[in-house]
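These notes concern the structure reproduced below.
All chains are named by letter (A, B, ...) in the order of the sequence lines, taking the proteins before the strands, and each is independently numbered beginning at 1. These numbers come from a predicted model, not from an experiment.
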Amino acid sequence: NAGVTQTPKFQVLKTGQSMTLQCAQDMNHNSMYWYRQDPGMGLRLIYYSASEGTTDKGEVPNGYNVSRLNKREFSLRLESAAPSQTSVYFCASSPGPSNQPQHFGDGTRLSIL
Amino acid sequence: QQPVQSPQAVILREGEDAVINCSSSKALYSVHWYRQKHGEAPVFLMILLKGGEQKGHEKISASFNEKKQQSSLYLTASQLSYSGTYFCGTAKLTGSARQLTFGSGTQLTVLP
């Protein structure tokens, strides 16, 4: 009963490097989300996918791209990492829109030097 | 647009009660409450939809006043396991119904 699985759990990058964070859910949920969490700022939505084949920008999309590969998988890509992108990244999924709970993965702790 | 949570932090003894508030400047469709323990993922507690409903789960309950655009989380007879950071997430009445905007959190510490 995995729920939402994120890989990797930890990563250190150098400024300018690229990287893809992977997320997969096994709950047959339609909607998936990527958040970043910085100290004292709560969770901020980067991108979301309401259903397979669609993606939309959230509150802080600059510097990121996403791909909804299929119903299970939603990846987040940093094309040219910057120190300001050092954060904890959470992937979440839900059956549908905002009247349904979101289930979170364990997070990816990303440091950019 | 971020909802405002208060207080920012609270320290309790086991058995005491606490109230955490969440206020928005926008008309709301729903309010979510999550709890996050240090180093872990947020865990869903409950959702409240517009209509002024109140929900409860064991000794944790919540209310939603849509006219005031406020929600409150009530923790009664707190247990050590209640320690963590509590976040409210709000969905606006207009615009995308899929986007949640989270508050900055309330850190709750329950001491023996």
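Here the closest heavy-atom approach between residue T85(B) and residue G105(B) is recorded as CG2-CA, 4.0 Å.
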ask   = Under the side-chain hydrogen bond (donor to acceptor under 3.5 Å, both in side chains) criterion, do R35(B) and Y82(B) qualify, and how do the steps go?
value = CA-CA 9 Å; R35(B) 177 171 61 207; Y82(B) 287 4; over 6 Å; no
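Residues L76(A) and L100(B) fall into different hydrophobic clusters, defined by Ile, Leu, Val, Met, Phe, Trp and Tyr side chains chained together at heavy-atom separations under 4.5 Å.
Using a 4.5 Å cut-off between heavy atoms, Q36(B) touches chain A through its side chain atoms alone. For chain B, no part of R44(A) is nearby; none of its heavy atoms comes within less than 4.5 Å. For Q107(B), no part sits under 4.5 Å from any heavy atom of chain A, backbone or side chain.
Tested against Y33(A) for a side chain to side chain donor-acceptor pair (under 3.5 Å), the candidates S93(A), S94(A), S49(A) yield a single pass: S94(A).
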